[in-house]
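The structure appears below as structure tokens.
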Amino acid sequence: MSADQQRILVRAAREVIPGQIVNLGIGLPTQLFHHLPEEMEVLVHSENGVLGCRPRREGEAPDWDMIDSGGAYIATRPGASVFDSAMSFAMIRRSRVDVTFMGAFEVDEIGNLANWKIPGKFSPGIGGAMELAQKVKRLVILCSHNDKHGNPKILHRCRLPLTAERCVSRIITDKAVMDVTPAGLTVVDIAEGLSVVELREATEATLNIDERQLGRF
Amino acid sequence: MSADQQRILVRAAREVIPGQIVNLGIGLPTQLFHHLPEEMEVLVHSENGVLGCRPRREGEAPDWDMIDSGGAYIATRPGASVFDSAMSFAMIRRSRVDVTFMGAFEVDEIGNLANWKIPGKFSPGIGGAMELAQKVKRLVILCSHNDKHGNPKILHRCRLPLTAERCVSRIITDKAVMDVTPAGLTVVDIAEGLSVVELREATEATLNIDERQLGRF
Amino acid sequence: MTLLTQKFRLIEEAIAAIPHGASIMVGGFGSPGTPFALIDELLAQGQRDLTLIKNDANEPGIGIGKLIEAGRVRRLVTSHIGLNRDAIAAMNRGELEVELFPQGLLAEKIRSAGAGHHAFITDIGQGTEIAEKRREIELDGRTWGIEPSLYADFALVHAERADRYGNLIYRGTASNFNPLMAMAAETVIAQAYRVEEPGSLPLEAIHTPCAFVSQVVEVTPATSEQGRRVHVS
Amino acid sequence: MTLLTQKFRLIEEAIAAIPHGASIMVGGFGSPGTPFALIDELLAQGQRDLTLIKNDANEPGIGIGKLIEAGRVRRLVTSHIGLNRDAIAAMNRGELEVELFPQGLLAEKIRSAGAGHHAFITDIGQGTEIAEKRREIELDGRTWGIEPSLYADFALVHAERADRYGNLIYRGTASNFNPLMAMAAETVIAQAYRVEEPGSLPLEAIHTPCAFVSQVVEVTPATSEQGRRVHVS
């Protein structure tokens, strides 16, 4: 894992409050699993049908019937339950998941999210992202600020097919923490060592920045 | 219980095949419970959420959490399961109940059934009758042939609000066993000691009767 | 939603969150699964103008029968009230507004809310009075009824066992409408005979996962007296 | 429906009832809950032109991956095939028709069939490509999508325990789509690690009541090899 990814995860872990129900999307968000202390009373929901999963401890034998939605063998913590896919998504559509962390291809100023399809290049399916994005109370995006070619992923408007409209609450990248507000994107934190000018250059979206209120991470 | 009711129940018990799933409506059909031998592999469904109930044995203590849809304390037999009301009616709407026995205010020549409401006089609710009548594979009506004033209950067309249209397979009364066929009501069995003329007089519906094929019960 | 760590409550506190005029789903089919203790607390606290959603009206002097008798229920959405002559009388006097649905449709209207749908499309009741009261739709060459989801502000449910996160296990025919209502209401108050530490309920045996439950209270098992009053054929 | 007394079958006999061109729901999310033995028997018997309905395409060489590889699947209705590069390649070559749904909608389309509804009405996917493909309805001042129920001729499901009437208990995350498919298909073939006598499964622990299950076969627990091939992060 890169230092940038590590920075995103450490910052993201601060978003979780004890007593919450949390869903971790495939990819980087899944790694957040390892940043939630086992003694913290948080139940991690995985949409394949488990509430209260935890990573296996070192040397702990896998249970072939226990995976998360990414296919990794997981274990459970006290208070866990298992259930079918209808129940699992009822929980999602009824907004009983407090916060979901998800990756993104693109996010935009009004909180639109695109993370499931690149027409002609990538369309393996939708999975649970659409329901999670549309219905979760708080959607936090964890992604690199720019793609591997350096192109901005935080856009004025998404160009790829949307996962859901106006669904994102907060975006955490290697460069900044941004909130989606009625006035557009407001920068909450900026990465250590990065200037506001550099951040704006790496971003297509218009960013509201009040330098007096800006945190570092 | 009257001799007429007893005759209906004895005849009705012959409708049940080992291995079937059976639902018994409130009132007379519930009594059929006692005419199914305990060793017979039949599962009785009750729409409040149990499959495989049986009457309590003499002296058997009631379990306060186990009732049938009529409110009677019941017990269960091997192979029984309990479930919620959504599951219970999914079973009904998916026609997974092989045969249902139900009472009637009125039944008619095309198999319409009225048994839930007498406008201005009786309308305590619908309960599960509507789904059962509409969706069960085989609906057998158990009722007196005439009401307490002697008026026929087997009609040309139902006059009361319907429970379901064209839903009845067979009608068993104290006077006859009748099948609903594309040609109307066909009498299968006639009560011991009753003449065909007497049966026709007690019935508003037109009855198809082939005296050579007529059984007695 | 209540944090997992803050769900275990005193019954007085849980019920005190219910205002006058609230819509309340109440679990139970006959006596089994009826949250008697929560209902009695609601009776004691005095909330009025209530809309109740329950399969049946219990019986006179039992469960929601007490609330109806005390004039605290403005409207009852139900499937059958035949075992409560007081409720029928109140309905006939025009003091209790009663809306009736076929039992399975009532269950599914609640389940549909619990699943986060807006409505479902059914053929149940087509050709009967039921169909006259609802919006219809032409689809695939037939006419179907549209049944809107049925939500409520609160649900009062009864479980056999719970943990303090709000995981619930039902027993026997006491399940009935409880798990459906637990998914459909905004605030879900569960009573259980035992409220245990998280980890004590077997994973696969949990019927209602804690995500749906707002508050859990521990109650003494109902006396047999309440049970005995149920009609025995 | 099969009589209760005639459900316990040999696997060859159960699968032999499936004709060419059948639509088949297959339980499982990744490996857990996938009825590997039933799939292998289907592979051995040679049925073709199949429509499969499954959350995912398993992985290359595993589960329905084998059927896809053998060219036996004409159409796949699914939520995600990202872990099976062979399935993606077959789709891109036009040899496999793939219909994609959001996972929760797929689950509910199956559940809606299982509950005997014709369709349900949802806001999921409104504002996305999903909405462009389906019929919409104006209700209560908003536009909603209509999602028809998804039925199938057969369902192949996997359970941990069963009895010979067909009552089923699932374990861990092996539940997933299995109980939904068991309700939705016309003929339901269940494999279980143990098929016991009626009466041995605890009443409240049964997830799928036997009324929905047509045939039960007993299979040897899957080797860890099948499990081990699943991606471990």
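Heavy atoms only: backbone and side chains are in, while hydrogens, waters and symmetry mates are out. This is a predicted model, so every value here is computed, not measured. Chain letters run A, B, ... following the sequence lines, proteins first and then strands; every chain starts at 1.
Comment: A:Arg77 does not engage A:Glu38 in a salt bridge, judged by the lack of any side-chain N to carboxylate O separation of less than 4.0 angstrom. We find that A:Asp63 and D:Arg171 are joined by a salt bridge, their nearest charged nitrogen and carboxylate oxygen being less than 4.0 Å apart. Using a 4.0 Å cut-off between a side-chain N of Lys or Arg and a carboxylate O of Asp or Glu, A:Lys153 and A:Asp147 do not qualify as a salt bridge. Contact check on D:Glu147 versus D:Arg135 returns no salt bridge, with no Lys/Arg side-chain nitrogen under 4.0 Å from an Asp/Glu carboxylate oxygen.
More than 12 heavy atoms of other residues, nucleotides or ligands shown are found within 6.0 angstrom of CZ on A:Arg200.
Top candidate by heavy-atom pairs under 4.5 Å with chain D, chosen from A:Ala164, A:Pro124, A:Ser46, A:Cys53, is A:Pro124. Interface summary for chain D: among A:Ala86, A:Pro55, A:Gly49, A:Gly128, the most heavy-atom pairs under 4.5 angstrom belong to A:Ala86. The candidate from D:Gly127, D:Ala107, D:Ala174 with the greatest count of non-hydrogen atom pairs under 4.5 Å with chain A is D:Gly127. Most heavy-atom pairs under 4.5 Å with chain A, from the set D:Asp123, D:Ile81, D:Asp56: that is D:Asp123. With chain A as partner, the option from D:Asn55, D:Ile88, D:Asn178, D:Ile130 having the largest number of non-hydrogen pairs under 4.5 angstrom is D:Ile130. Annotation: maximal heavy-atom pairing with chain A below 4.5 Å, among D:Thr78, D:Leu106, D:Leu180, D:Val98, occurs at D:Leu180. For the options A:Asp84, A:Ile26, A:Val82, heavy-atom pairs under 4.5 Å to chain D are most numerous at A:Asp84. With chain D as partner, the option from A:Met130, A:Glu131, A:Glu165 having the largest number of non-hydrogen pairs under 4.5 angstrom is A:Glu131. Taking chain D as the reference chain and counting heavy-atom pairs below 4.5 Å, the highest number among A:Ala129, A:Ser69, A:Ser123 is found for A:Ser69. The residue among D:Ile124, D:Thr128, D:Thr122 with the most heavy atom pairs within less than 4.5 Å of chain A is D:Ile124.
In this structure, D:Lys109 satisfies the cation-pi test against D:Phe101, with its NZ or CZ atom closer than 6.0 Å to the six-membered ring centre and inside 45 degrees of the ring normal.
If you look at D:Tyr170 and D:His158, their ring centroids are not closer than 6.0 Å. Remark: aromatic rings of A:Phe122 and A:Trp116 are distant, center separation not under 6.0 Å.
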(Q) Determine whether A:Arg7 and A:Asp174 satisfy the following criterion, salt bridge (charged side-chain N to carboxylate O under 4.0 Å, His left out), listing intermediate values before the conclusion. (A) CA-CA 7 Å; A:Arg7 190 208 309 269; A:Asp174 48 300; over 6 Å; no

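In this structure, the portions of D:Pro102 lying under 4.5 Å from any heavy atom of chain A include both its backbone and its side chain. When heavy atoms are compared at a cutoff of 4.5 Å, A:Arg93 approaches chain D solely by way of its side chain, counted from C-beta outward. Neither the backbone nor the side chain of A:Asn112 comes within less than 4.5 Å of any heavy atom in chain D.
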